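Just the heavy atoms: all of them, side chains too, but no hydrogens, waters or symmetry mates, feed the values below. Computed from a prediction, not measured in an experiment: that's the story for all the values here.
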Amino acid sequence: MFRPKVPTMPQPTGLVTPPAVIQHTPQTPAPAPVVSPAPAPARPTVQLTPGAVIALVGSGTAVVLVVGAVLVSMLLAVAITGASVAICALVIRSLISADAKRR
């Protein structure tokens, strides 16, 4: 019951063609192409001055601080929301239990 059964095909169906005969043809190697050196780039390389390095470091620091502030504020918003929902749940539970005790 749990053993797989492999289907068997005793006779092929349809037209059967004999395998094609492949003949080997000799190939002559092509001459190697002449490689010329790559041309020099048209643009000069970027040279960073000390002022540019300071500007890059300052902008990178500003980006990190802004992203960190956004993430911390989102975490704080989630924490405040969770705490307020928990307080609401306690108040509703106490109101329901106080109402049930009066009856």
Side-chain angles (χ1 to χ4, degrees):
M1 181 173 158
F2 293 108
R3 293 183 185 165
K5 295 182 179 180
V6 179
T8 58
M9 191 167 91
Q11 295 291 328
T13 58
L15 297 175
V16 178
T17 58
V21 178
I22 300 174
Q23 296 180 354
H24 178 68
T25 56
Q27 295 180 355
T28 57
V34 178
V35 178
S36 61
R43 296 186 320 185
T45 57
V46 176
Q47 296 179 355
L48 294 176
T49 61
V53 171
I54 291 173
L56 284 174
V57 169
S59 62
T61 303
V63 167
V64 167
L65 289 176
V66 167
V67 169
V70 168
L71 291 177
V72 167
S73 64
M74 288 173 62
L75 180 65
L76 186 61
V78 169
I80 291 172
T81 304
S84 65
V85 167
I87 291 171
C88 288
L90 288 175
V91 169
I92 291 173
R93 189 176 78 174
S94 69
L95 289 175
I96 291 174
S97 66
D99 188 41
K101 287 181 182 178
R102 287 186 207 160
R103 291 182 182 187

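One distance of note links CD1 of Ile80 with OG of Ser84; it measures 8.5 Å at 0.5 Å rounding. Note that CG of Leu95 and OG of Ser97 are 8.0 Å apart. Values are rounded to the nearest 0.5 Å.
Side-chain atoms of Leu75 and Leu71, non-hydrogen and from C-beta on, never get closer than 4.5 Å to each other.
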Would you be so kind as to tabulate the donor-acceptor pairs closer than 3.5 Å made by side chains of residues 47-62, with sequence neighbours excluded?
unit_1	atom_1	unit_2	atom_2	d
Thr49	OG1	Ala52	N	3.3
Ser59	OG	Ala55	O	3.1
Ser59	OG	Leu56	O	3.0
Thr61	OG1	Val57	O	2.8

